[in-house]
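Encoded as structure tokens, the structure appears first; notes follow it.
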There are 2 protein chains.
Amino acid sequence: MSTTYFLEGVDRVMKVLDAFTADEPQLRLTDLSDRSGIPKPQVLRILSTLETRGYVERDPRTKRYRLGLRLFELGAIVRQEMDLRRVAQPWLDSLAEATLETVALVVLDALGPVCVEVVESPKGLRVFAQVGRRMPWNAGTSGKVTLAYLAEETREQILARTEFKRYTNLTVTDPDALRKELRDIRRRGYHVSAGDLDEDALGMSAPIFDEGGTIVAAVSVVAPLTRLSGAESECFVNHVCETAAAISRRLGHRRRADEEAADD
Amino acid sequence: MSTTYFLEGVDRVMKVLDAFTADEPQLRLTDLSDRSGIPKPQVLRILSTLETRGYVERDPRTKRYRLGLRLFELGAIVRQEMDLRRVAQPWLDSLAEATLETVALVVLDALGPVCVEVVESPKGLRVFAQVGRRMPWNAGTSGKVTLAYLAEETREQILARTEFKRYTNLTVTDPDALRKELRDIRRRGYHVSAGDLDEDALGMSAPIFDEGGTIVAAVSVVAPLTRLSGAESECFVNHVCETAAAISRRLGHRRRADEEAADD
DNA sequence: TTATACAGTTTCAATAGGCGTAACTCGGGG
DNA sequence: CCCCGAGTTACGCCTATTGAAACTGTATAA
């Protein structure tokens with residue numbers, strides 16, 4: 001296809017790397033070939049080249065491939081670059097202190113929100129929030145909040161193109177139902193969802209905007225369902241919203257009238 | 001050249017990614033082209049493709065390229081996989097508590113040691129150790145210690161192939177001088193170095209071995225030169241060695257006679 | 001021990017896709 | 001108004017890449 005700027009070969013490299021996940025961090029050649037849809041010999045050549053520079057390595061024990069330290073290095077550069085993280089830290093800490101529940105900061109890129117910082121609840125029973133985990137658009141709380149505040153065009157593209165996965169029987173997978181929920185989020189300015197990503201967990205998020213008024217992240221509090229009574233969660237929601245607002249302000253965001261009104 | 005398993009195209013992708021560093025995390029097309037030695041149109045094509053999957057992104061403000069959140073995700077998988085980190089954590093903590101100085105854990109791969117965990121000194125004046133930073137072989141303390149305990153063949157390859165960089169006027173850049181220092185490290189079982197990576201810092205490290213007796217990591221204590229008197233550093237060295245030994249033991253390593261004797 | 005299966009590696013010839021040169025657009029500064 | 005440098009297209013050459021298929025090696029069953 002004599003089309004745009006797209007190199008098949010480069011895409012294949014990413015396909016191979018993308019085959020590794022947190023759940024299956026070690027893979028054999030055959031697995032990689034299957035997952036990426038690239039014939040084995042070629043995967044072998046790609047891997048060997050990647051190994052050259054430490055992008056992948058082989059576990060000497062299992063002989064399987066896994067992601068290499070070089071990627072850890074690159075990840076650290078990305079992390080260091082996210083000054084939002086640094087900026088937000090103190091507010092996250094005090095939110096955690098106030099709620100005694102797990103607090104998370106998720107940052108948005110074109111592919112979705114990624115959890116970049118977590119302050120864990122001191123309590124024994126707590127929700128696990130994994131730094132580095134990419135969250136779905138349609139389940140949990142951070143994905144929906146960020147989606148809600150994206151520019152309409154982008155949002156509609158995502159709603160149209162994405163095949164939404166079901167996580168529990170409460171997960172919303174229908175685009176129209178989701179659209180409705182998003183409208184609701186924009187009206188309220190925050191979102192609370194229970195049991196739609198993780199059966200027994202509840203989460204609440206509020207959006208963080210940059211100085212241009214673009215959504216860039218969200219703060220969430222997540223907790224076991226059993227622990228949050230209505231009254232308490234009401235109070236937590238306020239904390240979350242205030243935290244998000246404070247961080248937004250710190251980023252140079254001034255709350256504007258049109259946002260308050262934004263409804264569709 | 002009709003060599004073995006090596007794909008030019010894949011290598012170029014890595015060349016482009018490798019152009020980004022912690023010091024220069026945002027680059028323009030031209031910079032990337034210069035640094036990687038790849039002509040601009042090709043770099044553009046590579047970047048566009050990488051952007052597709054979130055491996056790089058453009059700072060909307062500066063229009064420059066930077067590494068994307070996808071790499072943060074992959075880095076988090078690597079981090080999660082490093083069980084050495086989990087295993088070592090308690091010992092690092094207690095070492096930090098005992099010394100009140102910055103403690104670091106560096107892990108080895110084929111390309112060198114990478115700092116994967118840091119416990120910061122509580123004191124106001126302290127050495128900055130960056131998680132995710134790749135350390136040089138020839139300067140500082142972790143690089144030399146790990147190099148010292150590598151299999152002779154590997155070590156010699158590194159000594160032969162590497163162009164050692166000078167960081168201060170105390171940095172050892174001559175392979176022969178370095179060889180001598182390494183022999184010394186093997187005899188003592190630890191290493192203390194001052195001012196050869198960072199003018200005013202002193203570091204000490206001891207090696208960590210896996211159950212096969214292979215070097216896999218090192219623990220270090222780093223501190224401002226001014227703070228460590230001879231007596232104190234003597235005492236700290238013991239702590240460091242004990243910590244390293246404890247972690248090694250935890251990994252299944254049994255100290256063997258031949259290691260103690262190993263001198264060349 | 002031999003037979004079987006499956007992972008990984010090597011070969012090789014055909015060609016799709018990557019490649020660099022060169023020309024062009026765009027925008028900012030002098 | 002022109003110049004310069006960054007970024008983007010166009011285009012045709014040609015080689016590095018590619019996948020089928022054959023082969024090796026190794027673990028497991030019979």
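Residue numbers begin at 1 in each chain, while the letters A, B, ... track the order of the sequences. Computation of the quantities below employed the complete heavy-atom set of this structure, encompassing side-chain atoms and omitting hydrogens, waters and symmetry-equivalent molecules.
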Without decimals, in angstroms, what is the distance between [X] [atom1] and [N] [atom2]?
X	N	atom1	atom2	answer
B/L7	D/dG19	CG	P	11 Å
B/I46	C/dG18	CD1	C1'	10 Å
B/L27	D/dA6	CG	C1'	15 Å
B/I38	C/dG18	CD1	C1'	12 Å

Practice task
Check for a donor-acceptor pair, side chain of B/R58 on one end and backbone N or O of B/P60 on the other, with a separation under 3.5 Å.
Solution key: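 Checking the backbone N and O of B/P60 against the side chain of B/R58, no donor-acceptor pair under 3.5 Å is found.
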Exercise for the section: Say whether, by atom type as modelled, one donor and one acceptor occur between the side chain of A/Q80 and the main chain of B/A22 under 3.5 angstrom. Expected result: yes
Completion exercise
Nucleotide by nucleotide, nucleotides 5-12 of chain C touches protein heavy atoms under 4.0 Å in the pattern (B base, S sugar-phosphate only, - none) --SBSB--
Which pairs would a plain distance check flag for residues 7-14 of chain B, meaning a side-chain donor or acceptor within less than 3.5 Å of a matching protein atom at least two apart in sequence or in another chain?
from, atom 1, to, atom 2, distance (Å)
B/D11, OD1, A/R53, NE, 2.8
B/D11, OD1, A/R53, NH2, 3.3
B/D11, OD2, A/R53, NH2, 3.3

Exercise for the section: Before accepting this row, confirm whether a basic side-chain N of the pair A/R179/A/E156 lies closer than 4.0 Å to the acidic partner's carboxylate O. Expected result: yes
Practice task
State plainly whether the residues B/K15 and B/D18 are in salt-bridge range, i.e. N to O under 4.0 Å.
Solution key: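 Salt bridge: no.
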Handout entry: Pairing residues for A/R64 by the side chain to side chain donor-acceptor pair (under 3.5 Å) criterion, not counting sequence neighbours
Key =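 So A/R64 forms no side chain to side chain donor-acceptor pair (under 3.5 Å) with any residue.
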Exercise for the section: Name every residue in residues 8-18 of chain A that has at least one heavy atom under 4.0 Å from any atom of DNA chain C, in order of residue number, or write none if there are no such residues. Expected result: A/E8, A/G9
Fill in the blank from the handout: Residues at least two apart in sequence or cross-chain that pass salt bridge (charged side-chain N to carboxylate O under 4.0 Å, His left out) with B/D210, listed by chain then number, are none
Practice task
Kindly write out the residues that satisfy side-chain contact (heavy atoms from CB on, under 4.5 Å) with A/S33, not counting sequence neighbours, or none if the list is empty.
Solution key: A/K40, A/V43
